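Only a predicted model underlies this, so the values are computations on that prediction, with no experimental measurement involved.
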Amino acid sequence: MNSPPAFQQKIYEMLMESQYWPPDQMLAYQRSQLTQLLRHAKATVPFYKSRLNPVFKKDGTIDWSRWDEIPIVKRSEVAANFKTLQSSRLPPGHLATSTVSTSGSTGLPIKVTFNNIMGMACVANDWRSHRWWGLDWAQPLVFWQGSLKDGWEEKATTNRGSWGYPGEANSKLGESYVFERNSPIEALLSHLRKTQAKYLYTQAN
């Protein structure tokens, strides 16, 4: 497998190309990917062992006409079935996994396991949205993040480097910084002024 940065770039390039595919080509690609996902889930994830039965024919192929018969997973099911939602065997090359928990502020708290490829895909998708909206990767950007590690204050004005697609020359000029999003608003605004940030990347607080 390619190194993580190179693989991330390939995801971005694929997204930029595939967004212009004709509907038939896109549908064929989506179904090829979903077929692999469905077979993997049925074989290695206890929660899905029988839940996906409606779409599987006797010969193991997928009956797409019955896709709507797969029950939608509810938040309460995710909260109650963390262990049975875990795969017993990850596909090769999916890298390390991590588990995150929600606070439950909008409903039942849940735990979700994801792998590094998911994170790389999210960054690649961000790059594509930056291109859509004409963001300038040469400008400073600040990330407001929660639960930063001890000592983050000393690094808050240290440039962490490019935040844009590395295949573009102007992205090498970009600067990025982090700040604890749960800080007092005065400290947050002061940091934005010090870094002269043009863009802010954060979640609702």
Side-chain angles (χ1 to χ4, degrees), residues 1-78 81 84-100 102 106 110 112-137 141 162-171 174 199 201 203:
M1 179 177 172
N2 294 306
S3 64
F7 186 72
Q8 195 164 256
Q9 288 183 233
K10 285 185 176 297
I11 297 175
Y12 167 77
E13 292 163 1
M14 183 268 180
L15 289 173
M16 292 300 294
E17 175 190 341
S18 63
Q19 64 187 336
Y20 300 111
W21 286 351
D24 288 349
Q25 183 178 357
M26 179 64 77
L27 180 62
Y29 178 77
Q30 289 173 335
R31 287 184 172 179
S32 72
Q33 296 296 294
L34 281 171
T35 296
Q36 296 177 62
L37 177 63
L38 291 169
R39 288 174 177 164
H40 167 74
K42 186 173 177 59
T44 73
V45 182
F47 183 84
Y48 285 111
K49 184 175 182 180
S50 59
R51 196 179 184 97
L52 301 175
N53 284 347
V55 299
F56 276 90
K57 299 179 182 179
K58 291 182 178 180
D59 62 359
T61 58
I62 306 299
D63 184 352
W64 298 108
S65 68
R66 302 186 64 186
W67 178 258
D68 291 341
E69 295 181 36
I70 299 176
I72 294 174
V73 179
K74 299 178 181 178
R75 187 186 184 101
S76 58
E77 292 178 301
V78 175
N81 294 279
T84 60
L85 279 164
Q86 306 305 298
S87 172
S88 62
R89 186 178 67 257
L90 289 179
H94 275 238
L95 306 178
T97 62
S98 302
T99 299
V100 296
T102 67
T106 59
I110 60 173
V112 178
T113 300
F114 63 94
N115 59 33
N116 286 3
I117 286 183
M118 175 184 168
M120 289 189 284
C122 287
V123 171
N125 193 54
D126 284 345
W127 289 339
R128 181 173 65 165
S129 68
H130 298 167
R131 289 294 299 270
W132 285 349
W133 294 102
L135 271 60
D136 183 355
W137 289 322
L141 173 143
S162 172
W163 53 276
Y165 171 59
E168 295 283 347
N170 70 329
S171 71
Y199 302 111
Y201 191 108
Q203 295 176 316

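- In this structure, Ile72 and Arg51 approach most closely via the heavy-atom pair O-NH2, 3.3 Å.
- The heavy-atom pair separating Gly164 from Ser162 by the smallest distance is N-OG, 3.3 Å.
- Val73 and Val78 make their closest contact through CG1-CG2, 3.6 Å (heavy atoms, listed as atom of the first residue, atom of the second, distance).
- Note that the OH atom of Tyr201 and the NE2 atom of His130 stand 6.5 Å from one another [nearest 0.5 Å].
- Here the straight-line distance linking atom OH of Tyr12 with atom CG of Asn125 works out to 11.0 Å at 0.5 Å rounding.
- Tested against Asn53, the residues Lys42, Glu69, Arg66 include a single side chain to side chain contact (heavy atoms under 4.5 Å, CB included) partner, Lys42.
- Across all non-hydrogen atoms, the minimal contact from Ala124 to Ile11 is CB-CG2, 3.6 Å.
- Ser88 and Thr44 are not linked by any side-chain donor-acceptor pair at a separation below 3.5 angstrom, with hydrogens and angles left out of the test.
- We find the CD1-CD distance between Ile110 and Glu77 to be 12.0 Å, quoted to the nearest 0.5 Å.
- Contact between Glu168 and Arg131 at its shortest, heavy atoms only, is OE2-NH1, 3.1 Å.
- In this structure, a donor-acceptor pair under 3.5 Å is present between the side chains of Glu13 and Tyr165.
- Using a 4.5 Å heavy-atom threshold, the side chains of Leu15 and Trp127 count as separate.
- Side-chain contact between Ile70 and Tyr48 is absent, with no heavy-atom pair separated by less than 4.5 Å.
- For the pair Thr102/Arg75, a side-chain contact is recorded, criterion being any heavy-atom separation below 4.5 Å from C-beta on.
- Annotation for Ser171 and Pro166: closest pair OG-CA, 3.6 Å, computed over non-hydrogen atoms.
- The distance between the ring centers of Trp163 and Tyr199 falls below 6.0 angstrom.
- One finds the NZ atom of Lys58 at 13.0 Å from the CG atom of Asp63 (value rounded to the nearest 0.5 Å).
- If you run side chain to side chain contact (heavy atoms under 4.5 Å, CB included) between Val55 and each of Leu34, Ile62, Asp68, only Ile62 comes through.
- Other residues, nucleotides and ligands contribute more than 12 heavy atoms inside 6.0 Å of the CE atom of Met16.
- No side-chain heavy atom of Trp21 sits under 4.5 Å from any side-chain heavy atom of Leu27.
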